[in-house]
Amino acid sequence: MSLEFIPLYFPDKLHMVNPRGYVGVVTLWSRISWVLDRFAAAGVDLDPRTSPVAVMGNLYGNGLKHLLRNLLYNPQIRYLVVCGRNRSGSREDLINFFTRGVEDYETLGIRCRRVVGTNRTVDHLLGPELFHRPPEILCPGDLTAPDSLAALAGIFARLKPPSGERLPERIALALPPVQVSRYPGNPRAHVIVRDTPLQAWRELLFRLVRFGHLVHLKKGDRQELQNVKVVVEKPGIERAEELARYGFDLERFRAYQRDILDPAPPPGDTSYRYGHRIGAYFGVDGLAEVVRRLQEDARDRHCYISLWDTRRDLTATGGRPCLVSLFFRVFEERLTLTATFRTHNAVDAWLENFYGLMAIQNFVARQTGLETGAITVFSHSISVDVQEYQRAKMVAAEKKFELLFDPHGTFRVTVEDGEIVVYHLYGDMVINEYRGKKAERLQHELARDLALSDIGHALYLGRQLARAEMALARGEPFEEE
């Protein structure tokens, strides 16, 4: 017995021809209306009462899992005619699914499957083994050339209607909810700029929760990012009650600050101490030497302290320092400090380490009479222990919208003399201007010049450019919101 085609997914995007037909047409990226015209030109029967074609629909790539589920629910579809413009490899994805199968795969921290020989992923429930009788796939071409129309006509001339055998049962396969453990992004390109240590720490945990990669270490699983750069513009001691809200003790931080300045060697049960590595381990008091150099020349760029002992630390079996370097530089009349950490515990250690860095910076500043500036922290491998992941998620969930000043400046958009004009300002000074009749062209020029650095600022400016372009088209004045 024949079945009526009933779509489970995207019924509003499909074009029904004969619901009791046995052919499905996949038009890839080509418009369905255009394909219908080509089918008519090739002499294909499109009569809703007699046509072998049940349904037509696009396939852009991400719709593969929906198409396959519609086919499982409609086992009467014996043939798939795949035609039209193949812009994203969707045709190969579909063919390989049935001919080469799928393989287990993991992406964004979720288990799924990948069509063999392609980069197309489907959910872990889908596989060709679900199809009692896979449809036969026929490809006449993109239908733009006369020979492809002839091939299309030939395909339908050779089709064999179903012989009346019993059809398999419909399979209603639900789509599993998508729950990624991380979002896509470059794991080595995160830069955080905030005023205070606590603000920076909260943003750091948000980035790790949202973008961190799950890695498996001997000591346990971690959610990790690489080479994260955090800049704290106004480092300073925060209120004890604010730190306590996140489980930190200001008095413990103060004790840590005293310890990091102590050059005494580590006790017998400890492999290293930062204060010892900085102040005595290499036979030189690093901070005293930095102070001496800056007193002689405030522009000195040799004030670099390494805490990593390659001869010992690369081969030793004991503990190794996580803080591996300090660089002091007077920049814009203030003493800045850049610290590099080999590995970093983001939840418990990062903020405590930062308070230690503030103590180091303040010590050198007092000895040299310099004002303190920004502290920058590079973390080659920074992670959250999965045992602490819920705590990290709670901190990350607190994040709200912040109106951040774009250090690249601000913009004023107007319409003047038949053009959109974008004035680039720093304070009250116009430092550049962009002119054009199309918002898209101005967008490309602004992006080329790296004129903006904040995503929120860019979105706002994009809205103003669109409004200005509409006002220009209507011949109306434009006033920025």
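Because only heavy atoms are used, hydrogens play no part in the values below, and waters and symmetry mates are left out as well, while side chains stay in.
Residue pairs satisfying the ring pair (Phe, Tyr, Trp, His ring centres under 6.0 Å) criterion with at least one member in residues 271-290, sequence neighbours excluded, are listed as follows: Y272-Y274, H276-Y281. Residue pairs meeting the ring pair (Phe, Tyr, Trp, His ring centres under 6.0 Å) criterion with at least one partner in residues 226-261, sequence neighbours excluded, are W201-Y246, W201-F248, F248-F253, F253-Y355. Within the structure, the ring pair (Phe, Tyr, Trp, His ring centres under 6.0 Å) test picks out no pair touching residues 287-322 (sequence neighbours left out). Sorted by first then second residue, the salt bridge (Lys or Arg N to Asp or Glu O under 4.0 Å) pairs that include residues 323-334, not counting sequence neighbours, are R299-E333.
Once rounded to the nearest 0.5 Å, the distance linking CZ of R69 with CG of L64 reads 10.0 Å. Distance CG/L94 to CG/L71: 8.0 Å, rounded to 0.5 Å. Distance check, rounded to the nearest 0.5 Å: NE2 of H380 to SG of C322 gives 11.5 Å. Atom CG of L8 sits about 9.0 Å away from atom CG of L72, to the nearest 0.5 Å. The structure places CG of D406 at 13.0 Å from OH of Y460, a figure rounded to the nearest 0.5 Å. To the nearest 0.5 angstrom, L461 atom CG is 9.0 Å from L442 atom CG.
The minimum heavy-atom distance between I420 and A468, with the atom names listed, is CG2-CB, 4.0 Å. The two residues D93 and R120 come nearest to each other via the heavy atoms OD2-NE, 3.0 Å. A pairwise comparison of heavy atoms in R273 and P263 identifies NH1-C, 4.2 Å as the closest pair. Nearest heavy-atom pair, A392 versus V384, reported as atom, atom and distance to 0.1 Å: CB-CG1, 3.9 Å. Listed here is the closest heavy atom pair of I32 and G57: CD1-CA, 3.9 Å. Taking each heavy atom of A439 and E469 in turn, the nearest pair found is N-OE2, 2.8 Å.
Every residue two or more places apart in sequence or in another chain was checked for a salt bridge (Lys or Arg N to Asp or Glu O under 4.0 Å) with R91, and none qualifies. For R239, the salt bridge (Lys or Arg N to Asp or Glu O under 4.0 Å) partners at least two apart in sequence or on another chain are E241, E242. Remark: E440 engages no residue in a salt bridge (Lys or Arg N to Asp or Glu O under 4.0 Å) (not counting sequence neighbours). Residues passing the side-chain hydrogen bond (donor to acceptor under 3.5 Å, both in side chains) test with Y389, sequence neighbours excluded: none. A search for salt bridge (Lys or Arg N to Asp or Glu O under 4.0 Å) contacts involving R207 returns E203, not counting sequence neighbours. For E92, the side-chain hydrogen bond (donor to acceptor under 3.5 Å, both in side chains) partners are N86, not counting sequence neighbours.
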* **Stepwise side chain to side chain contact (heavy atoms under 4.5 Å, CB included) check, L204 with I382** => CA-CA 10 Å; L204 176 62; I382 187 161; 3.5 Å; yes
* List the steps, then state whether side chain to side chain contact (heavy atoms under 4.5 Å, CB included) holds for R194 with V232. => CA-CA 5 Å; R194 291 295 187 274; V232 178; 5.7 Å; no
* Verdict with supporting geometry, R467 and Q464, side chain to side chain donor-acceptor pair (under 3.5 Å) -> CA-CA 5 Å; R467 292 180 62 238; Q464 302 312 310; 3.0 Å; yes
* To do: Could you walk me through whether R293 and E296 pass salt bridge (charged side-chain N to carboxylate O under 4.0 Å, His left out), step by step?
  => CA-CA 5 Å; R293 297 191 69 95; E296 291 180 357; over 6 Å; no
* Can you list the steps and then say if V231 with K229 is a side chain to side chain contact (heavy atoms under 4.5 Å, CB included)? -> CA-CA 7 Å; V231 181; K229 176 182 177 181; 3.8 Å; yes
* Asked: Taking it one step at a time, do L446 and L465 satisfy side chain to side chain contact (heavy atoms under 4.5 Å, CB included)?
  -> CA-CA 11 Å; L446 289 160; L465 288 173; 4.2 Å; yes
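Looking only at distances, a side-chain donor or acceptor of N96 sits under 3.5 Å from a matching main-chain atom of V116. Distance alone, capped at 3.5 Å, places no donor-acceptor pair between the E445 side chain and the Y434 backbone. With hydrogens and angles ignored, the 3.5 Å screen pairs a side-chain donor or acceptor of N58 with a backbone N or O of L28. Of the possible polar contacts, none joining the T118 side chain to the R114 backbone as a donor-acceptor pair under 3.5 Å is found. When atom types are taken as modelled, the side chain of D313 and the backbone of D309 share a donor-acceptor pair closer than 3.5 angstrom.
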Show me the side-chain donor-acceptor pairs of residues 362-376 shorter than 3.5 Å, one per line, residues at least two apart or across chains.
unit_1 : atom_1 : unit_2 : atom_2 : d
N362   : ND2    : M358   : O      : 3.1
T368   : OG1    : V364   : O      : 2.8
T368   : OG1    : A365   : O      : 3.3

Please tabulate, one pair per line, all N/O donor-acceptor pairs under 3.5 Å involving side-chain atoms of residues 340-347, not counting sequence neighbours.
unit_1 : atom_1 : unit_2 : atom_2 : d
T340   : OG1    : S325   : OG     : 3.0
R342   : NE     : P321   : O      : 3.2
R342   : NH2    : R320   : O      : 3.3
R342   : NH2    : P321   : O      : 3.3
H344   : ND1    : S379   : OG     : 2.8
H344   : NE2    : N353   : OD1    : 2.9
N345   : OD1    : V347   : N      : 3.1
N345   : OD1    : D348   : N      : 3.1

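By the 4.5 Å heavy-atom criterion applied to side chains, I278 and I360 are counted as neighbours. Using a 4.5 Å heavy-atom threshold, the side chains of S383 and V215 count as separate.
Classification of the F411-H424 ring pair by plane angle, with boundaries at 30° and 60°, yields parallel.
The environment of NZ in K399 is crowded: more than 12 heavy-atom neighbours from other residues, nucleotides or ligands sit within 6.0 Å. More than 12 heavy atoms of other shown residues, nucleotides or ligands fall within 6.0 angstrom of atom CZ in F405. Counting non-hydrogen atoms of neighbouring residues, nucleotides and ligands closer than 6.0 angstrom, the CG atom of N119 reaches no more than 12 such neighbours. The environment of CG in D428 is sparse: at most 12 heavy-atom neighbours from other residues, nucleotides or ligands sit within 6.0 Å. More than 12 heavy atoms of other residues, nucleotides or ligands sit less than 6.0 Å from atom CZ of R312. Shown here is E169, whose CD atom has no more than 12 heavy atoms of other residues, nucleotides or ligands within 6.0 Å. Counting heavy-atom neighbours within 6.0 Å of R111 CZ, excluding the residue itself, gives a total of 12 or less. Heavy atoms of other residues, nucleotides or ligands lying less than 6.0 angstrom from CZ of R31 number 12 at most.
Under the 4.0 Å criterion applied to side-chain N and carboxylate O atoms, R113 and D123 are not assigned as salt-bridge partners.
For the residue pair Q257 / R254, no side-chain donor-acceptor distance below 3.5 Å is found, with atom types taken as modelled.
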